[in-house]
Every structure is written in structure tokens, then in C-alpha cells.
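Single-structure report; data block below.
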Protein chains: 2
Amino acid sequence: MGKADFSPIADTTRRAEIVALLRRAILTGQLEPGQKLNELRISEQMRVSRAPLREAMRELVQEGILTSIPYAGTFVIDVTAKDIDDAYSFNKVMDEFAIEQTWPLRDQRFFDELDRRHETVKQATRALDTTRQIETALQLHGLIYEWADNSVLLDTWQRLTSRLQMYFALHQHARNEPVPAEDVHETYVQLLKGKDMLAAQRHAREHIGLDFEELIAYARSLEQRTSKGGRADRASPARSGPGGS
Amino acid sequence: MGKADFSPIADTTRRAEIVALLRRAILTGQLEPGQKLNELRISEQMRVSRAPLREAMRELVQEGILTSIPYAGTFVIDVTAKDIDDAYSFNKVMDEFAIEQTWPLRDQRFFDELDRRHETVKQATRALDTTRQIETALQLHGLIYEWADNSVLLDTWQRLTSRLQMYFALHQHARNEPVPAEDVHETYVQLLKGKDMLAAQRHAREHIGLDFEELIAYARSLEQRTSKGGRADRASPARSGPGGS
DNA sequence: TCTTGTTAGATTGTCGGCAATCTGCTTGTC
DNA sequence: GACAAGCAGATTGCCGACAATCTAACAAGA
């Protein structure tokens with residue numbers, strides 16, 4: 001009997017493609033934080049009716065990168081320094097857990113995949129493609145989440161990833177540095193291959209920490225400007241949580 | 001000048017109400033795991049067109065309690081023992097973090113709210129309303145997440161809550177016990193009022209743990225039955241994550 | 001001048017219907 | 001009888017148009 005592992009074919013609904021397009025536009029900074037998404041305009045640009053566009057938007061709202069106010073519109077989320085700080089401290093705890101869960105499951109395939117993703121990051125770095133560099137770095141970092149074999153953990157990470165990518169892309173866009181230092185992930189990869197789990201956890205905390213510190217400082221400086229600058233109203237509406245009456 | 005703090009008025013779109021209705025139906029077990037949601041039938045029952053219903057469904061898909069397969073339908077998620085186990089171990093870590101973050105922020109208002117929610121649970125217990133008992137118990141437990149002042153943490157908890165409520169409701173439905181023992185939350189509340197943070201964390205782990213153990217055992221027994229029973233196919237499709245190239 | 005009522009324009013929310021796709025059955029052939 | 005092709009029914013995906021709501025400009029009155 002022929003056994004071939006086929007991966008499921010791509011979703012072929014307009015909705016799915018629209019989701020991908022919008023997400024990419026947001027995460028790369030083509031759509032700026034706070035910006036309103038005009039349904040009619042976008043649907044005409046994409047040559048699509050508003051129905052699938054609106055469904056796509058609802059998905060991205062739940063994914064946490066859009067926010068919707070009834071009869072007012074759907075907006076790209078505003079990024080506050082506190083949001084980044086929250087994500088930062090939460091990420092530290094998650095990292096620790098992910099490494100702990102992944103640690104006993106590491107095998108040759110894990111190491112290979114680790115190297116492969118590391119190589120992809122270096123490739124994007126050499127190509128001076130900052131957007132892709134952020135994306136691949138997050139994918140490298142995400143391996144421990146994919147390997148941990150915990151669906152809830154992975155789900156949470158993927159949600160967080162969207163926001164992180166948006167934050168970092170925002171940062172990069174602002175201070176248009178050519179590209180960060182040569183290889184900041186080398187130590188991380190080596191530690192994940194090693195025998196000292198606690199060292200790996202510690203490094204993950206501090207390594208990620210450094211990137212974040214810079215990011216938060218930047219966000220803070222932004223808020224200084226906008227606090228007197230204007231469009232600071234229109235607070236994010238209370239997320240209609242599961243805890244209803 | 002008159003200063004009155006008004007909270008934002010309720011969402012008055014059909015979509016929001018549909019979301020609430022569907023979520024309630026799922027979390028209370030009126031809609032069983034694996035069951036298909038027929039759009040036409042539901043829209044007629046609710047006297048609503050399919051557009052807002054479909055948008056509501058997309059939200060619940062992203063919320064993690066529905067799963068959608070293009071051109072096939074939208075289904076209530078299947079609950080596997082591993083899912084519960086994953087949520088369990090993840091919840092332990094989150095609890096620890098939430099207590100740590102909340103600890104220095106506790107004040108009189110926190111204690112009052114804690115007592116209020118505790119009272120609500122006892123009330124539901126006396127009324128023999130198991131569904132509401134689960135709901136209120138989760139709200140009691142959720143206070144440390146609301147108080148922790150971390151938007152990402154709270155968001156993650158609210159997502160997890162949906163699934164937890166579904167799991168526990170499922171359990172309760174099956175073994176139709178009258179109502180659990182009198183007051184299992186007393187110690188938890190007292191520890192949160194006390195001075196020993198580590199003790200509170202430890203208790204949260206073990207207390208929640210016990211409930212989970214029973215739940216997982218039940219789920220395992222269910223899978224024993226369904227593994228030969230039939231509708232085990234139609235695996236959950238790969239969640240189109242943010243990483244797509 | 002400030003506040004309040006009105007109105008026109010734009011945008012979101014919703015509806016009913018059509019097109020695309022899947023599923024199961026029937027039919028025909030070997 | 002087994003199997004492939006084709007067909008009908010049901011269901012999801014998508015579209016265009018209408019209704020409900022918001023926003024901003026303008027006018028009227030205190």
C-alpha cells in the first residue's frame with residue numbers, strides 16, 4: 001500500500017486570502033496603528049465584495065491586531081508602551097515554559113530544523129531585508145513553541161507573534177537602521193543544543209529582553225509626542241469577553 | 001462641573017448578540033462537540049440573515065471554540081484528553097504568573113471583589129445551578145487575571161476560559177452529579193488575602209489540579225469509546241497561523 | 001459666542017439571491 | 001456484483017442593494 005504524507009491543500013476561499021493580505025499589510029507597517037480600514041475602498045481595490053472582507057476583518061479582530069467599534073469602523077490596534085511591556089513580561093514566562101516542555105523532546109530533527117531556521121534568518125540578514133528578518137527571527141524563536149507539543153501554548157504564541165512582529169516592524173520602520181549586528185542568535189541556538197536547560201532559559205529571557213528594552217523606549221518616546229499631538233482618543237472598546245451576564 | 005463615570009453602552013449589533021447566543025449554547029453544552037452548525041437553519045431560528053451569523057461564527061472560530069472547514073461547514077471543536085491536559089499544564093504556569101503580578105496590587109477593593117465573587121459562587125451552589133456554578137467559579141478564579149494589569153495575560157485567560165468552561169460543562173453534563181462539595185474555594189480565597197504568595201501559588205496549582213485530574217480521566221474514557229465508535233475522523237484543520245509566507 | 005436642532009453625506013450593518021462546491025445516490029457498463 | 005460517470009439535492013461562499021447609524025457642516029435661538 002502506497003504511503004505518502006500529503007499536506008492539506010491551501011485554503012481556496014477569498015476570505016482566507018484577504019486575511020493573509022490584510023495581516024501582511026498590518027505586520028509590515030503598510031497599515032499604520034490607529035488607521036481606519038474603509039471597507040468600500042479596500043473591497044474595490046481587492047476586487048472583492050464586502051462580505052468576505054468583513055468576515056476576514058472579524059478574524060483579525062479576534063486575532064488581536066484589529067479593533068472594531070460598531071457603526072464607527074475597524075482600526076489597526078494602537079500600540080502603547082504598556083502593551084509592549086505586557087507582551088514582554090508575559091513572553092518571558094511563556095519562553096521559560098516552552099523551553100521546559102520542549103527540552104526532553106529535542107531530537108535530531110529538532111536540531112536540524114533549528115539550524116535551518118537559523119540559516120534562514122542569516123540569509124534575510126545578508127539580503128538586508130529587515131521585514132523578512134523580523135519574520136524569520138520570530139519563526140526561529142517559535143520552534144520551541146511548535147516542538148513543545150502543547151496546542152494551547154502554540155495557539156497563544158501564534159497570537160502573540162502577530163503583535164510582536166507588528167511592534168518590531170514598527171520599530172524598524174521608524175529608525176531605519178541598515179540591519180542589526182551580525183548574528184545575535186548564535187548563542188541561543190547553541191544553548192538549545194546543549195545540556196543546560198536553565199542556561200537556555202536564562203539566555204532566552206535576557207536576549208529577548210534586550211530587543212524589547214529598546215523597543216519599549218522607542219514606544220515611550222512616541223507616546224510623549226502623541227500625548228499632546230491629537231488622535232489619542234477613541235480608546236479601544238471593552239472586548240466582549242466570554243464572561244457575559 | 002458634574003463628573004459622572006459612564007461606562008460605554010452595550011454593543012447593539014445583531015452580530016454581537018449572535019456571538020453571545022452561540023457562545024452560551026456551546027459553553028453550556030446545548031451544542032455538542034463535533035456538531036455541525038447549519039447556517040440556514042440557525043439563521044432562520046434566530047430570525048437573522050446569514051451575513052451577521054457568518055461573521056459571528058468567524059469570531060468564535062478565532063476564539064477557539066469553533067472550527068471551520070471551507071465548503072464543508074463550521075463545527076464545535078472536538079475535545080480530546082490531550083487538549084484538556086495541555087490547557088491544564090499551561091494554566092498552571094499562567095496561574096503562577098498571574099498571582100505574582102497581582103500580589104503587590106492587592107488592595108481593599110480587590111478583597112471586596114474577591115468576597116463578592118466568592119459569594120456568587122456559593123449562591124449558585126446553593127441554587128444547584130451547575131452551569132452557573134462553573135461560570136461563577138471561573139469568574140472567581142479570573143479575578144487574579146483581571147487584577148494583574150497585563151492586557152496580554154488577560155486576553156489569554158479569557159480565551160482559555162471559554163475552553164475551560166466548555167470542558168467542565170461537558171463533564172458535569174455527563175456525570176450528572178447534584179453539586180460538588182460545599183465550599184472548595186474557601187482556602188483559595190483566604191490564601192489570596194494572606195501574606196504567603198508561594199503558598200497561594202502552590203494551592204492554586206493543586207486545587208485546580210484536582211478538578212482537572214477528574215476531568216482528564218473522564219475525557220480519556222470518552223475517547224476509549226469513540227475510538228472504535230465512528231465519528232473520529234474530520235480532524236481539526238491546521239489553523240492558518242500568522243507565519244504564512 | 002455658545003449651545004442646540006437639522007440635514008446631507010458617507011460608512012457600517014443587514015438582507016435576499018445567485019454561483020461554486022461538496023455529498024450521496026442513481027445509472028450504466030463490464 | 002463491482003466500479004466509474006453523471007446527476008440532483010443541499011450547503012457554503014460570494015455578490016449587489018437597501019436600511020440603520022454616525023459624522024460634520026450649517027442654521028437658529030438664547
Side-chain angles (χ1 to χ4, degrees), chain A residues 1 6 8-22 31 34-62 66-77 230-240, chain B residues 1-2 6 8-22 31 34-62 66-77 230-237 239-240:
Chain A
M1 172 186 304
F6 289 112
I9 70 172
D11 295 346
T12 52
T13 62
R14 298 190 194 280
R15 183 181 67 238
E17 295 198 29
I18 296 172
V19 167
L21 272 179
L22 282 181
L31 289 171
Q35 186 172 347
K36 177 174 175 179
L37 278 67
N38 186 311
E39 296 178 3
L40 193 58
R41 203 172 60 78
I42 295 178
S43 68
E44 282 172 352
Q45 286 181 357
M46 290 188 181
R47 305 288 182 79
V48 166
S49 102
R50 283 174 53 220
L53 173 62
R54 282 174 59 85
E55 290 185 19
M57 281 170 145
R58 297 302 156 260
E59 291 192 18
L60 294 178
V61 166
Q62 287 308 101
L66 288 183
T67 173
S68 164
I69 303 177
Y71 290 105
T74 305
F75 308 81
V76 179
I77 58 166
R231 69 136 190 271
D233 45 359
R234 187 166 274 148
S236 61
R239 178 177 179 281
S240 61
Chain B
M1 66 176 66
F6 289 112
I9 69 173
D11 295 347
T12 52
T13 62
R14 298 199 195 300
R15 182 182 70 238
E17 294 197 30
I18 297 172
V19 166
L21 273 178
L22 283 182
L31 289 171
Q35 185 172 347
K36 177 174 175 179
L37 277 67
N38 186 310
E39 296 178 2
L40 193 58
R41 204 171 58 77
I42 295 179
S43 69
E44 282 171 352
Q45 286 181 359
M46 291 189 180
R47 305 288 183 79
V48 166
S49 99
R50 283 174 54 221
L53 172 62
R54 282 173 60 84
E55 291 186 17
M57 282 171 145
R58 296 303 154 257
E59 291 193 18
L60 294 177
V61 165
Q62 286 308 101
L66 288 182
T67 173
S68 164
I69 303 177
Y71 292 106
T74 304
F75 308 81
V76 180
I77 59 166
R231 71 136 190 270
D233 46 358
R234 188 167 273 150
S236 60
R239 178 177 179 282
S240 62

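Each chain gets a letter, A, B and so on, in the order the sequences are listed, and its residues count up from 1.
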Among [options], find the nucleotide with the atom closest to the side chain of [X].
| X | options | answer |
| --- | --- | --- |
| A:Y71 | C:dT11, D:dA20, D:dC15 | D:dA20 |
| B:V48 | D:dC15, D:dG13, C:dC15 | C:dC15 |
| A:K36 | C:dC15, C:dT12, D:dC14 | C:dT12 |
| A:N38 | C:dT14, C:dT11, D:dG13 | C:dT11 |

Once you round it to whole Å, what is the distance between [atom2] of [N] and [atom1] of [X]?
| X | N | atom1 | atom2 | value |
| --- | --- | --- | --- | --- |
| A:M46 | D:dC15 | CE | C1' | 17 Å |
| A:I69 | C:dT12 | CD1 | C1' | 13 Å |
| A:I18 | D:dC15 | CD1 | C1' | 12 Å |
| A:E44 | D:dC15 | CD | P | 13 Å |
| A:L40 | C:dG9 | CG | P | 17 Å |
| B:E17 | C:dG13 | CD | C1' | 13 Å |

If the cut-off is 4.0 Å, is [X] near the phosphate of [N], judged by side-chain N/O to OP1 or OP2?
| X | N | answer |
| --- | --- | --- |
| B:S49 | C:dC15 | yes |
| A:R41 | C:dT12 | no |
| B:R54 | D:dT12 | no |
| A:R50 | C:dC15 | no |

Heavy atoms only, 4.0 Å cut-off, all strands: where does [X] land among base, sugar-phosphate and nothing?
| X | result |
| --- | --- |
| A:R15 | sugar-phosphate |
| A:R14 | sugar-phosphate |
| A:L37 | sugar-phosphate |

(request) Heavy atoms only: give me the nearest B:A72-B:K36 pair and the separation to one decimal. (result)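 For B:A72 versus B:K36, the nearest heavy atoms are O-NZ, 3.1 Å.
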(message) For A:S43 versus A:R50, what's the shortest heavy-atom pair and its separation?
(response)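 That closest heavy-atom pairing would be OG-CG, 3.8 Å.
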(request) Sort out for me which residue in A:L60, A:L53, A:L22 forms a side chain to side chain contact (heavy atoms under 4.5 Å, CB included) with A:L37. (result)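 Among A:L60, A:L53, A:L22, the one meeting side chain to side chain contact (heavy atoms under 4.5 Å, CB included) with A:L37 is A:L22.
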(request) Enter the distance from A:E59:CD to B:Q62:CD here, rounded to the nearest 0.5 Å. (result)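 Answer for the CD-CD pair, A:E59 versus B:Q62, is 4.5 Å.
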(request) Please test A:T67 against A:V61 for side chain to side chain contact (heavy atoms under 4.5 Å, CB included), starting from the C-alpha separation and ending with a verdict. (result) CA-CA 5 Å; A:T67 173; A:V61 166; 5.9 Å; no
(request) For A:R47 and for B:E39, find the nucleotide of DNA chain D with the closest heavy atom, then tell me which residue's nucleotide is more 5'. (result)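 Here B:E39 is the residue nearer the 5' end.
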